[in-house]
Amino acid sequence: MRRWVLAFLMAVTANWVSLIYAFGPVSWLLTTILLLGEFLYFNLRPIEKSGAPTKRIWYLKSGCELLRLFLITATVTVFVQMVWLWCQISMITPENSLAAGTAVAGAAFGVLWAVLLEAIVFWNGMIRVYLTSVQLGLKHRVLAALCLWFGGQWRGSGLIQWFIHPPLQLEQAESDHSVFARLWRWIHGGLCRLYRALRLDRLFEGSIFQKCWLWAGAAAVLAPIIPTMAVLGLVLVSAFSLLLNLMADSGRKLYYAPMNRYLWLYAAIYLAGTWFSVTRAGSLLGGVLTVAFILFAVILENSITTRRQLDTLLLLLVMAGTAVALYGICQYLFGWGYQSAAWADSEMFGDVFRVPSTLENPNMLGQYLILAIPLGGAGLLAAKDWGMRVFYFCCCGIMCVCMLLTLSRGAWLGLLFAGFVFVLFLQPRLLLLTPLLLVVLYFVLPDAVINRFASIGNLGDSSTSYRVYIWMGTLAMLKDYWMCGIGPGDAAFNLVYPKYSYSGIVAPHAHNLFLQIVCDAGVVALVVFVLLLFHYFRDLCAAFCREKDLFSRLYQTAAVSGIAGFLVQAMTDYSFYNYRVLLLFWAWLALGALLARRGQLPERGLKV
């Protein structure tokens, strides 16, 4: 009887996402947490302790029981998922695009959830049996060996090896011999001759304007704190400073990163999108700011030349994130700052206070904290003395509390995904504690946070339905403007979008980063953006695999997880609507490129 009860509960848990969509989300969060708690408990203790004479025999019997449960629940799950997929596919019709999107998302998530939980049961049982049996038959040992062989083959497959071993030297050689590289060498030589002819070395030698690491670092650190135009000023000064250094040293080259060719191309496409906008005057300021902040990534990459500069920048970025978060907490405690009625559905959540801190919007603050918190976590794990550990622990705690106070559901999902990636890189076995962590969080977090999180996907919430209608209107608009877009900025969007809007909803942007990129500069911009991200992640994953230094590995993981979480949040909002967040995103990409080659940087070096 116990076996069938366990099989029933485990099958329900494995198919719970599908059941939620089928029967409605009534108290789904509490039920999900209770089911995950049960799932964790029975994976740890599938049989009673009294069911075996020794500890080894108990682990062996429990492993056998888990494999039996897997056979039962996997059979049920395959049947349920087939019925579930058929039901979801039947909902997809040309007349109902909203139902189609919901069906695709629900089907994908339901299948992934079921596969993950069934895999946990299977491998839990297999490992227990394989490690504790002294009389394991040849058949079972061959089966286990085959599973391990397949895992090794996958890790050693051409696809994985191709991904983690990019041909950097070949790509760099191709880049060095390209037309643009030759043009840059010609321009660089001319600038160096001009610098010597004008005797600028006498004017700027020892000047603060030659310390480009200082200006570029200041732009990245102060971006969330100072106004946008002040950030632009720092970007321009750092560009001028880098140019002075390049003119002063004819042997200095621009650093090559695999993503840089796509970065330059992406900036050029946005510049073209600005020029051919439906309202050039309305797109000019936004387009120029976007291009300048995109190219800041190249400036930052080439301004940081030593390991000490890079490590100092990492520390200052965590401190800046903590300062911004601390100000947000003070806003909550003392009621400072502006609150918009559009930030929360008052009928569903009542009067809630969402902290915007220095970024003027809770969702934008959440985006920034997704980038900053993993850096704090890496610093905590990399700290070598208790003083720094306490410092980084306090920084992470303050930023996490502020993240909760944003009440930004998209940012919470982004941070959870960033945490998942962080743990996956460093210690995947800790992911088995996820159900226990969810149970603990349910009883620790305040009701306002639980209710807000439980409302994810609820179309009764005005902010959720508002986004869905905007996405539908944007997709309708892109049927006519998918090739070249309409141009960046609010003015261009508000000029065209109202003709396609659903239910008369007016919006300044698409509330989705990827849709907005197509709106701004066409589908080519989105393709280039995706290729840029692919090379960014590939470069960092390859560096992580070959890196031996723990400090570098931790911060490489933080760079990957921060951007991954940022992109998850970007699916629910237009992250680049705030230009300072736009600059921070590109600064983090440059930071990732620097961390990928941290081991190659000198401890000290060029005094620039």
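- Under 3.5 Å, the side chains of Ser552 and Arg598 contain a donor-acceptor pair of N or O atoms.
- Contact of the Arg354 side chain with the Leu405 side chain is not registered, since no non-hydrogen atoms from C-beta on lie closer than 4.5 Å.
- Every residue meeting the side-chain contact (heavy atoms from CB on, under 4.5 Å) condition with Asp539, not counting sequence neighbours, appears here in chain and number order: Leu168, Pro258, Ala596.
- Note: Trp412 CH2 to Leu404 CG = 6.5 Å, rounded to the nearest 0.5 Å.
- Closest non-hydrogen pair, Gly328 versus Cys402, comes out as CA-SG, 4.2 Å.
- No side-chain heavy atom of Asp573 sits less than 4.5 Å from a side-chain heavy atom of Asn512.
- Distance check: Arg307 CZ to Phe551 CZ gives 10.0 Å after rounding to the nearest 0.5 Å.
- Although no hydrogens or angles enter the test, the distance criterion places no donor-acceptor pair under 3.5 Å between the side chain of Ser561 and the main chain of Gly419.
- A pairwise comparison of heavy atoms in Ile373 and Met399 identifies CG1-CB, 3.7 Å as the closest pair.
- Nearest approach of Ala411 to Gly366, heavy atoms of both residues: CB-CA, 3.7 Å.
- In this structure, the side chains of Leu365 and Val581 stay at 4.5 Å or more apart for every pair of heavy atoms.
- Put simply, the residue from Arg389, Met388, Lys384 that forms a side chain to side chain contact (heavy atoms under 4.5 Å, CB included) with Trp386 is Arg389.
- Taking CG of Leu515 as the start and CG of Leu526 as the end, the distance is 8.5 Å to the nearest 0.5 Å.
- Inter-residue side-chain proximity for Leu591 and Leu317 is flagged as met; some heavy-atom pair is nearer than 4.5 Å.
- Contact of the Leu369 side chain with the Leu415 side chain is not registered, since no non-hydrogen atoms from C-beta on lie closer than 4.5 Å.
- Looking at residues two or more places apart in sequence or on another chain, you find a side-chain hydrogen bond (donor to acceptor under 3.5 Å, both in side chains) between Thr572 and Gln569.
- Atoms CD1 and CG, from Ile563 and Leu533 in turn, are 8.0 Å apart once rounded to the nearest 0.5 Å.
- When side chains are defined from C-beta on, Phe585 does not count as touching Leu513, because their heavy atoms never get closer than 4.5 Å.
- Residues that satisfy the salt bridge (charged side-chain N to carboxylate O under 4.0 Å, His left out) test with Arg68, not counting sequence neighbours, are Glu65.
- The aromatic rings of His535 and Tyr262 sit parallel to each other, their planes meeting at less than 30°, with 60° as the upper class boundary.
- Side chain of Trp588 to main chain of Gly562: no donor-acceptor pair is present (N/O by atom type, distance under 3.5 Å, no hydrogens or angles).
- No side-chain heavy atom of Phe122 sits under 4.5 Å from any side-chain heavy atom of Leu69.
- With rounding to the nearest 0.5 Å, the separation of CZ in Phe529 from CD1 in Ile517 is 4.5 Å.
- Shown here for Ala382 and Tyr555, the closest heavy-atom pair between the two residues is CB-CE1, 4.5 Å.
- Between Leu540 and Tyr536, the closest side-chain pair of non-hydrogen atoms falls below 4.5 Å.
- The shortest heavy-atom contact between Ile370 and Gly565 is CG2-C, 3.6 Å.
- Qualifying side-chain hydrogen bond (donor to acceptor under 3.5 Å, both in side chains) partners for Ser62, counting only residues two or more places apart in sequence or in other chains: Arg128.
- Smallest separation of non-hydrogen atoms from Phe425 and Cys541: CZ-SG, 3.8 Å.
- The side-chain contact (heavy atoms from CB on, under 4.5 Å) test applied to Val78 returns Met82, not counting sequence neighbours.
- Residues forming a side-chain hydrogen bond (donor to acceptor under 3.5 Å, both in side chains) with Ser575 (at least two apart in sequence, or on another chain): Gln367.
- To the nearest 0.5 Å, atoms CD1 (Ile470) and NE2 (His511) are separated by 4.0 Å.
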